[in-house]
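Here the structure is laid out as structure tokens; the discussion comes afterwards.
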Amino acid sequence: MGGGPRLDARRPADLLAARRAARERAGARPAHVCRGARHRRDRPRRQHRSDHRRGGRALAPRADERDGSPDPAAGGVRVPARARHAVARHHQRGARARPHVQHGRGGAVHQRAARCHPPPPRTRMTTTQESDQVLQRRANLEELRRLGVAPYPNRFDRQASIDGIVRAHGGKTGEELDAARTTTRTAGRILAIRSFGKANFLVLSDGKARIQVYIREDSLPARDFQIFKLLDFGDWVGVEGQLFRTKTKEFTIRASRLEFLAKCLLPLPEKWHGLTDVEIRYRQRYLDLIVNPEARQVFELRSRVVTAIREFLVGRGFLEVETPMMQSIPGGALARPFVTHHNALDIPLYMRVAPELYLKRLVVGGIERVFEINRNFRNEGMSAQHNPEFTMLEFYWSYADYTDLMSLTEDLLVEVAQTALGTDELRYGDHTIALKKPFPRLLLREVVRAAASKRLGVDVAPDDLRARDRAAALAARLGIEVTPGMGAGAITVEMFERLCEQDLVQPTFVHDFPTEVSPLSKQKPDDPETVERFELYVAGMEIANAFSELNDPAEQRRRFEAQLRARAAGQEEAHALDEDYVRALEYGMPPAAGEGIGVDRLVMLLTNSHSIRDVICDPVSADEAEVAGSR
RNA sequence: GGGCCGGUAGCUCAAUUGGCAGAGCAGCAGACUCUUAAUCUGCGGGUUGCAGGUUCGAUUCCUGCCCGGCUCACCA
């Protein structure tokens, strides 16, 4: 796929762009037909928003939509070919007005099935889809039934996956294949059908690889060829046959048997342009996966990343645990939780915003190294970097402090990138990012001071960030809004977010945060206004948040009380007081350091994805049923 | 929440000052013995996101709403 040098096949948008470029080079169609598509596909070079939660570890993501199921209400009537069009027209008129039920064997069955399932889905595509194409596909299904072919057989004795066949034999020459006379038996979804009278070709996919199948009437049992004639784009089939190369050198299975495995009743997105509508890509990820191979690559890489993280930590003696997702006091981060209710206990429960306090309880219990990779839920805004539920790695390391964590983080990122990608050089948008340790370590206040000085053209003094009134005055000069509840520390962090964050492209540790915004972190021995905390930024995104853990129960109680005051002052995200957590600390927690890493964002980085929704299989979106009527 | 852009056939996209809503792919019928975006001939397919308004006439102009993208703000 010869895109430009800046195209990255790992990134769906790039692959699509390359496809488009290829087509335009071929002069197949005037460029203007793609204008809208390009517009829609284009992404910003960089996101300027970054999440930052004062205090707890905090990496929230963002979201969008989900799928909508197809309307199963169409009928399954087998329609004589000459009558099909008339039926389709009639059908469409009816479909707009009310849920349309056709009376027929298949139709009745589907109708019943639909009632058994959750909310009756009505997608925007549904009603019009009940037109020709669906009717035709249903008719083909009924025709198979009539031939005595089980339309949904229970199993298929597959000998090899398409991917396995391609890897084992795909490199062989035609002569080698002919000599070997290898017969195989595999299965997949039909992604293309090309017919030439007596020579017919299918392209099958197993999701990872594709293979061509050659079908001739005279080399198949009659029944199997009948099946072939009733196939539609998207159906699942099994084939058996010998491997060979066609005249055009295409690696191919010469089918001697064909079995029908499952019907695709709804038309799939077009093969050439693929699926570019991001809304459908997120709502109906299965369609994205079927037609855009690069979508699959993202999720495979995500899996390798998570595995690599796990192996890295386990190899260093960390114990993986799972702590409560539903908590009666949501803690560990400054974020608004989702609320639910337990009926039997008749109590409210909160979806966790972080596992932090539970993991540290385990450290109190003597698990010296512990980690969890799991979901957090935050009931807040969504953006290209924020999904309401997102995956977070948190780990705690006894007898270590935050400087140890910086070194460990460097090792972790480099190793994960090497394992999952095979390189420590990343391309992200226009940037090349080098994951080379050591990463620069910059003091938060120095970063802010430098940025503010540059912005204002004057020398900002360190004390300007220490005193509340001077910090507020500085913020005002910078055009940054400050609320009465914000102290010097919060103002400093606000300035950091506005002025500095987005420019931290190469991996950079920003450390030593104000105590005010870090209720769970340990102060520096010589500076109680500052805690031993850092955040790691890459590509302008907050990737990690870590600190030496506060283990003095009295100080922790004071911090919680400060949070309660903030809460009383209207800051909903402030921490609640978790008495049991303080009690745990009273039993004694060893010195320890802990860190949270946003897994989704890490995967974004490694896959050159610019929206968190590209790395989450099913990002949150409004219920399609709710909005169907208006679309 | 504000601003900008968008929503037209299953998919990707057109539609010139408001004047019969189109193309390619997909589908259907036919031709074709190695194609691969197969090709060729023919044919179907639309409540133009929803609801109002202006107009002889609205995809087009106006109002409201819904959905999406980007962005600013909020969350912080």
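Worth knowing before you read on, the calculation uses all heavy atoms, side chains too, and leaves out hydrogens, waters and symmetry mates. The chains referred to below are lettered A, B, ... by the order of the sequence lines, with proteins before strands, and numbering in each begins at 1.
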Going through the distances and angles, do Asp178(A) and Arg245(A) end up as a salt bridge (Lys or Arg N to Asp or Glu O under 4.0 Å)? CA-CA 8 Å; Asp178(A) 290 343; Arg245(A) 278 188 189 276; over 6 Å; no
Proximal nucleotide (of [options]) relative to the [X] side chain:
X	options	value
Arg216(A)	U33(B), C28(B), U35(B)	U33(B)
Arg498(A)	U33(B), C34(B), A73(B)	A73(B)
Glu481(A)	C74(B), C28(B), U33(B)	C74(B)
Lys198(A)	G10(B), U33(B), C11(B)	U33(B)
Asn140(A)	C28(B), U36(B), U33(B)	C28(B)
Val278(A)	C74(B), G68(B), C28(B)	G68(B)
Thr248(A)	U36(B), U33(B), C75(B)	U36(B)

Expressed in whole Å, how much space separates the [atom1] atoms belonging to [N] and [M]?
N	M	atom1	value
U39(B)	C50(B)	P	34 Å
A14(B)	G7(B)	C1'	15 Å
G30(B)	G18(B)	C1'	42 Å
C74(B)	U17(B)	P	43 Å
U48(B)	U8(B)	P	11 Å
A58(B)	G52(B)	C1'	13 Å
G57(B)	G10(B)	P	29 Å
C28(B)	A38(B)	P	15 Å

Taking the side chain from Arg601(A) and the backbone from Glu542(A), do they hold a donor-acceptor pair closer than 3.5 Å?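 Yes, the answer is positive, given that a donor and an acceptor are paired below the 3.5 Å cut-off.
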Identified side-chain hydrogen bond (donor to acceptor under 3.5 Å, both in side chains) partner of Asn140(A) from the options Gln136(A), Glu143(A), Arg137(A):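 Testing Asn140(A) for a side-chain hydrogen bond (donor to acceptor under 3.5 Å, both in side chains) against Gln136(A), Glu143(A), Arg137(A) leaves exactly one candidate, Gln136(A).
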5'-most contact on RNA chain B: Leu231(A) or Lys247(A), nearest heavy atom basis?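 It is Leu231(A), whose closest nucleotide lies nearer the 5' terminus.
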Nearest-nucleotide 5' precedence on RNA chain B, Arg254(A) against Leu268(A):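 The residue closer to the strand's 5' end, by nearest nucleotide, is Leu268(A).
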Point-to-point distance, once rounded to the nearest 0.5 Å, from CZ of Arg352(A) to CE of Met392(A):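 Reported value, rounded in 0.5 Å steps: 9.0 Å.
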Pair Arg138(A) + Glu142(A), salt bridge at N-O below 4.0 Å: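 No salt bridge links Arg138(A) with Glu142(A).
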Between Arg194(A) and U35(B), is there a contact of a side-chain N or O with OP1 or OP2 at under 4.0 Å?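 The answer is no; no side-chain N or O of Arg194(A) sits under 4.0 Å from OP1 or OP2.
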Closest non-hydrogen atom pair between Ala475(A) and Ile491(A), with its separation: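 For Ala475(A) and Ile491(A), the tightest heavy-atom pair comes out as CB-CG2, 3.9 Å.
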So which heavy atom on Cys264(A) is nearest to which on Leu268(A), and how close?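 Result for this residue pair: SG-CG, 4.1 Å.
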Given the structure, check if the side chain of Glu250(A) and the base of U35(B) hold any donor-acceptor pair shorter than 3.5 Å.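 Under the 3.5 Å cut-off, the side chain and the base do not form any donor-acceptor pair.
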Tell me the stems RNA chain B sits in, counting at least three consecutive Watson-Crick or G-U wobble pairs, each under 3.5 Å on both distances.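 Counting only runs of 3 or more consecutive pairs, the stems involving RNA chain B are B:1-7 with B:66-72, B:10-13 with B:22-25, B:27-31 with B:39-43, B:49-53 with B:61-65.
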